[in-house]
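Please read the structure below before turning to the comments.
Sequence lines set the chain letters: A, B, ... in the order given, protein chains first and strands last, and positions in each chain run from 1.
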Amino acid sequence: MPKDSGIGASPKRREDVRFLTGKGQYTDDINIHGQAYAHFLRSEVAHGTINGIDTSAAASMPGVVQILTAKDFEGVGGVPCGWQVTDRHGEAMQEPKHPVLAEGKVRHVGDPIAMVIADTLEQARDAAEAIDVDITELEPVMDMKAAIKDGATKVHDDLISNLCYDWGFVEENREAVDEAIKSAAHVTTLELVNNRLVANPMEPRVAVGDYAPGTDDYTLYTTSQNPHVIRLLMGAFVLGIPEHKLRVVAPDVGGGFGAKIYHYAEEAACTFAAKQCGRPVKWTSSRSEAFISDAHGRDHVTKIELALDADHKFTAIRTDTYANMGAYLSTFAPSIPTWLHGTLMAGNYTTPLIYVNVKAVFTNTTPVDAYRGAGRPEATFQLERVIDKAARELGVDPADLRRKNFIKPDQFPYATPVAVEYDTGDYDATLDKGMEMIDAAGFEARAAESKAKGKLRGLGIAHFIEACGIAPSNLVGQLGARAGLYESATVRVNATGSISVMTGSHSHGQGHETSYPQVVAEMLGIDESMIDIVHGDTSKTPMGMGTYGSRSIAVGGSAMVRATEKIINKAKKIAAHLLEASEADIELKDGAFSVAGTDKSVAWGDVTLAAYVPHNYPLEDIEPGLEETAFYDPSNFTYPAGAYICEVEVDPETGKVDVLKFVAADDFGNVINPMIVYGQVHGGVAQGIGQALLENCAYDENGQLLSGSYMDYTMPRADDLPMFDVDHSCVTPCTHNPLGVKGCGEAGAIGTPPAIVNGVIDALHRAGHTHVSHIDMPLTPARVWAAMNG
Amino acid sequence: MTSVTMTVNGKSVSGDVEGRTLLVQFLRDDLKLTGTHVGCDTSQCGACQVHVDGKAVKACTMLAAEADGADVKTIEGMANADGSLSVIQQAFQDHHGLQCGFCTPGMVMTAAALLKENPKPTEAEVRHYLEGNICRCTGYHNIVKAILAASGQEVTQIAAE
Ligand code: FES
Ligand code: FES
């Protein structure tokens, strides 16, 4: 019988009622009395020198309040980068300044040049058209390999070159890996592109800046996954506002997928301008603007080599990647192709020697940063693709080749050659489960049916591992993070027993308001409806790092457990006093405290009331009140893993690929709310199928974005996708966090792309197109058809 | 400025609008009915879906002035008279058909239009009808299930399969 409350239950989401009735409060729904509207004039060219900006005509247009350009931001800091990578020679990465508004040069289409503030949005837009910007166009830097050749045009004139860093990992293994590849019985090589994507949360970004001259307090309302991070970055590095004078509020957030982690120039500009013009300033991104100003994702060009011995055991992996940074370094950009990518190159396998080289390159494109999965999809894609290719070259079953090289359950904890230690896992279990779910045994019969219809059916297998809940702070500090990666929780028990839980994490669709209370309610034995979650407002919540990297339950949930444990400890002391018993004898069960072995008990509400009305209370031993805070800093990452398997059908006439069946068998450790976890996987799989078949962020050679709207950027729609069969019944609980949880938000986006591409290649090979060893994503009909007929 | 009068969720409302004011702006900015969302500027996403004279319309494709005299229904008018969730809204909650909730008002309005035209759609018909509505969170799986359930058809209860 499934539980109907607490950990493991699937209560209906409480946030749904407001979203379903139009009562959600998203940032664009906030309007402050007297607010003015901002519009950003953005560069239409990819690269150019700004000779002058004439705002005089625009300034006198109706309704214009103020026009700001770079010179108004003198003394204001640049938009900071939160991670410094050290290259393979021990040198710090090259880090260019990222001004709030373009200074002297524009470096990508969409780079903001001027901010026009007016009484209405229409007036601001009209005035922006009257600004005269004199730009001399420069050659755009677009191709990563050409960009780092001697004499190439530079994106940043004050840097030595367009190479941000040349990272080697693990540098000490470099020669041993070369040697192992040279002496291997077999080496499989694959060159591939991990296509650039746009995260596209359905809610565009919004910023509303407000300033109270009476108290010198600033408030920023923004579409953010992590309001405390924005407060820290914008307050300390850009505007020089101390934290106690700056409040950042992110109300309901309409999706993020990474794109709403970063501190963006528009947030600083609106906050700064609110004081300048003495009015609240609101900016709402249009979708067209989002395409050129939200950080993009992926965009890696990679060569991977996999060495195997005569027994088909993996002996070494060497990869070379060019990673596009875009024109500036977005908040976490340098960490994505390095620490979130190189450390996962072992996958689920026992490969003893690995060397990863990454060259990060500046180009005249929109900055690139984390998008759902962030580095781990790039690692998984190349690894799972090269294994499939190796299996084909060696004539062995791709599932068997994986099994042969899997880390086995008795090998945990398992230290990989790329510096991480997996705590638990059972990869045979998830692969077996996935093969059972897809009915691999019945595949040949279904392939024959497809063939009879003139279609080509293929079976695509991938197995992934990822690292979630990135940690611990002292380690990530050594790796270059300029922040800690703990999470916080304050459990405030009120006098009548209801509870407010303040968390530094923040939901942008994950249902925290429902699943977090399940944890606290289970621990206290009280009803979930007595517990509310407070998040998304720096004035109400303790400092926390927010929601990304599948960290909320693993890190934020752990903080909540720790704070609740403190509550229980104190409540037991109060109960012991009320029951005139020894604290050691007090038991908490079903919301009541009892003395072990007796029928004496006191209800939860009596204890909480005593805490706040301490008439009969051990005041000499403990303080009144019942409120506790915990900061949880994880001792390791968590390592979810799973099998992603699909059946695809290719139409040989057109090259069109249909996904007929898709299964995911994940090991997420313990699961708090299965319904929400299923939903997270569905969404991730859809984005993974999007990357594999539909989505591509493309630029032309002049740096113009070719896919800048939903007419050209193919978002997955309902009739592009099948129903998904997802399962998380294989469980090896995380060994180092109190809930035994691992994280599920990114899995789908990581495991899916290689499964789809492997499936298409399988279909083509079965039909005799054995010359096709790879097709770059997205596998559009044109690309598949060309590969088959090439 | 021209003045417009229309019925929105059963109430008569009027206001002064510019010629270029879109219906979605009038609903959000003038009437403060912020449940109708704006997710794009090319009429592709469906976040702004409302009903005008009983038909599903993207409120970003219609001028407020064109809706003069019309009967408009938005997500705020979809619940039952007693404030409880309507069958479609309840099905979305029961089947976890929403995550961030941003596409949700448009999805509910589209689903209502579909079920009015086709009370027992197949899965393929549901998917096809949703082609003008983008959801980035759910992968559509649970939205499709919710709509099938709202039409009275059997679907599995657990949100997974
Ligand atoms: S806002 Fe109307 S279709 Fe996107
Ligand atoms: S629920 Fe987030 S876009 Fe659909």
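- With a threshold of 4.5 angstrom between heavy atoms, B/Val126 does not approach chain A through any atom at all.
- The part of B/Gln25 that comes within reach of chain A is its side chain, from C-beta onward, which places non-hydrogen atoms under 4.5 angstrom from that chain.
- Only the backbone of A/Val253 comes within contact range of chain B, with at least one heavy atom under 4.5 Å from a heavy atom of that chain.
- If you tally non-hydrogen atom pairs under 4.5 Å between each of A/Gly256, A/Gly684, A/Ser288, A/Ser286 and chain B, the highest count goes to A/Ser288.
- The main-chain N or O of B/Asp41 is never found under 3.5 Å from a side-chain atom of A/Arg287 such that the two would form a donor-acceptor pair.
- Residue with the most contacts toward chain B among A/Ser285, A/Ser507, A/Pro716, A/Gly511: A/Pro716 (heavy-atom pairs, distance under 4.5 Å).
- Of all the listed residues (B/Asp29, B/Ile134, B/Thr42), the one sharing the greatest number of non-hydrogen pairs under 4.5 Å with chain A is B/Ile134.
- Listed options B/Glu76, B/Gln90, B/Glu18 were ranked by heavy-atom pairs under 4.5 angstrom with chain A; first place goes to B/Glu76.
- Of the atoms belonging to A/Ala290, not a single heavy atom falls under 4.5 Å from chain B.
- When atom types are taken as modelled, the side chain of B/Gln99 and the backbone of A/Gly679 share a donor-acceptor pair closer than 3.5 angstrom.
- Of the two parts of B/Leu98, the backbone and the side chain both hold a non-hydrogen atom closer than 4.5 Å to a non-hydrogen atom of chain A.
- Here salt bridge (charged side-chain N to carboxylate O under 4.0 Å, His left out) pairs that include residues 684-695 of chain A, with residues two or more places apart or in two chains, are A/Glu695-B/Arg136.
- Contact annotation for A/Asp727: neither backbone nor side-chain heavy atoms come within less than 4.5 Å of a heavy atom of chain B.
- Contact of the B/Arg127 side chain with the A/Asp720 side chain is not registered, since no non-hydrogen atoms from C-beta on lie closer than 4.5 Å.
- You'll find the side chain of B/Thr138 stays beyond 4.5 Å of the side chain of A/His682, heavy atoms only.
- Highest contact tally toward chain B, considering only A/Val677, A/Asn31, A/Ile689, A/Asp28, is held by A/Asp28 [criterion: heavy-atom pairs under 4.5 Å].
- Within the 4.5 angstrom heavy-atom criterion, no atom of A/Gln510 approaches chain B.
- Scanning residues 12-21 of chain A against chain B with a 4.5 Å heavy-atom cutoff picks out A/Lys12, A/Arg13, A/Asp16, A/Val17, A/Phe19, A/Leu20, A/Thr21, ordered by number.
- At a threshold of 4.5 Å between non-hydrogen side-chain atoms, the residues B/Cys137 and A/Phe257 count as touching.
- Not one N or O on the side chain of A/Arg717 forms a donor-acceptor pair closer than 3.5 Å with the backbone of B/Leu130.
- Residue A/Met202 touches chain B through both its backbone and its side chain, counting heavy-atom pairs closer than 4.5 Å.
- B/Val144 and A/Met723 get closest at one heavy-atom pair: CG1-CE, 3.6 Å.
- Chain B forms the most heavy-atom pairs under 4.5 Å with one residue out of A/Ser709, A/Gly509, A/Gly24, A/Gly683, and that residue is A/Gly509.
- Interface residue B/Tyr140: only side-chain heavy atoms are found under 4.5 Å from chain A.
- For the pair B/Phe102 and A/Tyr26, the tightest heavy-atom approach, listed with the atom from each and the gap, is N-OH, 3.4 Å.
- Ranked by heavy-atom pairs under 4.5 Å with chain A, the list B/Met78, B/Glu123, B/Met107 is led by B/Glu123.
- Looking at every heavy atom in both residues, A/Gly255 comes nearest to B/Cys100 through N-CB, 3.3 Å.
- Ion pairing of A/Asp126 with B/Arg20 is present here, as a side-chain N (NZ or NE/NH1/NH2) and a carboxylate O approach within less than 4.0 Å.
- The number of heavy-atom neighbours closer than 6.0 Å to NZ of B/Lys120, taken from other residues, nucleotides and ligands shown, is above 12.
- Chain B forms more heavy-atom pairs under 4.5 Å with one residue of A/Pro201, A/Gly22, A/Ala718, A/Ala686 than with any other, namely A/Ala718.
- Counting heavy-atom pairs under 4.5 Å between each of B/Ala47, B/Gly35, B/Gly101 and chain A puts B/Gly101 at the top.
- Note on ring orientation: taking the six-membered ring where Trp is involved, the planes of B/His141 and A/Phe724 are parallel (angle under 30°, cut-offs 30° and 60°).
- Looking at B/Arg28, B/His37, B/Lys32 one by one, the single match for side-chain hydrogen bond (donor to acceptor under 3.5 Å, both in side chains) with A/Asp29 turns out to be B/Arg28.
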